[in-house]
Engineer: 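Can you keep this structure in mind? I'll have questions shortly.
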Amino acid sequence: MKETIHGFSTEDLMKMDVTALRAMLHERTHHKIEVLLYRILKGKMKKPPNLGYEAELLLNIWKRRGLPVNTPDIQWCIKYIELANKLNSGEIVRLNTELLKPFTSLEMKTVKKLLYTRQSIRQFTSKHVPDEMIREILQAGLMAPQGCNIGSTRFIVLRDPEEWKLVRSDIPIENGVIILICQDLKTYNVLKFDELVPQNLYYDAAAAADHMCLMAHALGLGACWLTHGVETQKKIQEYFNQPETFVTRCHIIVGWPDEAPIKSAKMSIDDVIITPKNTNKTP
Ligand SMILES: Cc1cc2nc3c(=O)[nH]c(=O)nc-3n(C[C@H](O)[C@H](O)[C@H](O)COP(=O)(O)O)c2cc1C
């Protein structure tokens, strides 16, 4: 029988859209090496025969197609495939990684300042937001957790007020920058994860947006998360000449704050922790 990965033969993979192939390589490395490796190294599970062979096959196809291997994500896959191969050949694998250290009390102060003083800002001055700051914000978005490590997140930065009209917003935007958090659905579709875990797409975008708002706040900028629907998705697809598999999911507005809102107050922690005892409690 011919070997297939997610139902795709080698011939299919040689012709496959590069974004989809890259997603498969990420996913097979994640599910078939990364999440197993540490349990194997701890002796909690037996190494499956040919650990990571699917990821290696995909990497070989990637290389045969002459695609770049020097990007951080592909280097990450290569590192795991090499570790898997070491284990397959009976070598003892020792990682030169260290357990993460808890934050110092000074670092905790900064973390709490970041998390507890962030607030949604909706009005901005006309002062220019430097590109470097926007890049910091995008980088923070990219660092967010993402379902199955597939890598579907894409960004569009809109600086031109004319382009802002493409995006449905329930508040008028006068200054600042709009950042669209988009997704290339080819990554999900190829794995059928759009059927298996469609919710992950929304979570991916949410996690990215939150990281970005926090980074904006740390940079002294203000930001607010906003949602939009299918109408905006269609307009963005058309304007940026993208296929239906490219969707914008939500957006944030970022700029130099021109308002100092009263900080939103949340419910008390005891009111939101559900236990069998307080289930029927009405505040
Ligand atoms: C999923 C989501 C959708 C949101 N949509 C909007 C929106 O459409 N318009 C808006 O002004 N703010 C929007 N916000 C911001 C919230 O109103 C804001 O986070 C909330 O009021 C709490 O205030 P804070 O961010 O200052 O803590 C949204 C936030 C989230 C997480």
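Since this is a predicted model, take the numbers as computed values, not measurements. Note: hydrogens, waters and symmetry copies are ignored here, and every other heavy atom, side chains too, is used. For this chain, numbers begin at 1 and follow the sequence in order. Just follow the structure's listing: the first ligand is 1, and inside any ligand the first atom is 1.
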Engineer: Note the single closest protein heavy atom to atom 5 (N) of ligand 1, along with its residue, its atom name and the distance in Å.
Structural biologist: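 Ranking protein heavy atoms by distance from atom 5 (N) of ligand 1, first comes W225 O, 3.5 Å.
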Engineer: Tell me, which protein residue and heavy-atom name are nearest atom 25 (O) of ligand 1, and how many Å apart are they?
Structural biologist: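 Nearest protein contact, heavy atoms only, for atom 25 (O) of ligand 1 is S120 OG, 2.6 Å.
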Engineer: Quick one: nearest non-hydrogen protein atom to atom 22 (C) of ligand 1, plus distance?
Structural biologist: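 For atom 22 (C) of ligand 1, the nearest protein heavy atom is K266 NZ, 3.4 Å.
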Engineer: Will you find, in the side chains of Q183 and D204, an N or O donor that is under 3.5 Å from an N or O acceptor?
Structural biologist: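 There is no such pair (donor and acceptor under 3.5 Å, judged by atom type) between the side chains of Q183 and D204.
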Engineer: Measure the spacing between CZ of R22 and CG of D17 and express it to the nearest 0.5 Å.
Structural biologist: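 One gets 11.5 Å once the value is rounded to the nearest 0.5 Å.
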Engineer: Is a side-chain donor-acceptor pair under 3.5 Å present for D270 with S268?
Structural biologist: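 S268 vs D270: no donor-acceptor pair found between side chains.
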Engineer: When you measure from atom 16 (C) of ligand 1 to every protein heavy atom, which one gives the shortest distance, and what is it?
Structural biologist: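 For atom 16 (C) of ligand 1, the nearest protein heavy atom comes out as R122 NH2, 3.8 Å.
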Engineer: Keeping N85 on the side-chain end and E82 on the backbone end, is there a donor-acceptor pair under 3.5 Å?
Structural biologist: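 The answer is no, because no donor-acceptor pair under 3.5 Å joins these two groups.
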Engineer: Need the ligand 1 atom indices (1-based, order shown) with element for anything under 4.0 Å from a heavy-atom of Q119.
Structural biologist: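 What qualifies from ligand 1 is 26 (O).
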Engineer: Protein heavy atoms: any of them under 4.0 Å from atom 29 (C) of ligand 1?
Structural biologist: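 For atom 29 (C) of ligand 1 the answer is yes, since some protein heavy atom falls inside 4.0 Å.
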Engineer: Less than 3.5 Å apart, any donor N or O on the side chain of K47 or N88 sitting next to an acceptor on the other?
Structural biologist: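 Indeed, the side chains of K47 and N88 share at least one donor-acceptor pair under 3.5 Å.
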Engineer: Any idea which protein heavy atom is nearest atom 23 (O) of ligand 1, and the distance to it?
Structural biologist: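 Of every protein heavy atom, S264 OG, 3.5 Å lies nearest to atom 23 (O) of ligand 1.
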Engineer: Could you tell me how the ring of H6 sits relative to the ring of F193: parallel (under 30°), tilted (30 to 60°) or perpendicular (over 60°)?
Structural biologist: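 H6 vs F193 ring planes: perpendicular.
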Engineer: Would a hydrophobic clustering, with Ile, Leu, Val, Met, Phe, Trp and Tyr connected at side-chain separations under 4.5 Å, put V111 with Y116?
Structural biologist: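 Yes, same cluster.
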Engineer: Between A209 and ligand 1, which residue portion shows a heavy-atom distance shorter than 4.0 Å: side chain, backbone, both, or neither?
Structural biologist: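 Neither part.
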Engineer: At what distance is the nearest protein heavy atom to atom 10 (C) of ligand 1, and which residue and atom is it?
Structural biologist: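 Result: L226 CD2, 3.4 Å.
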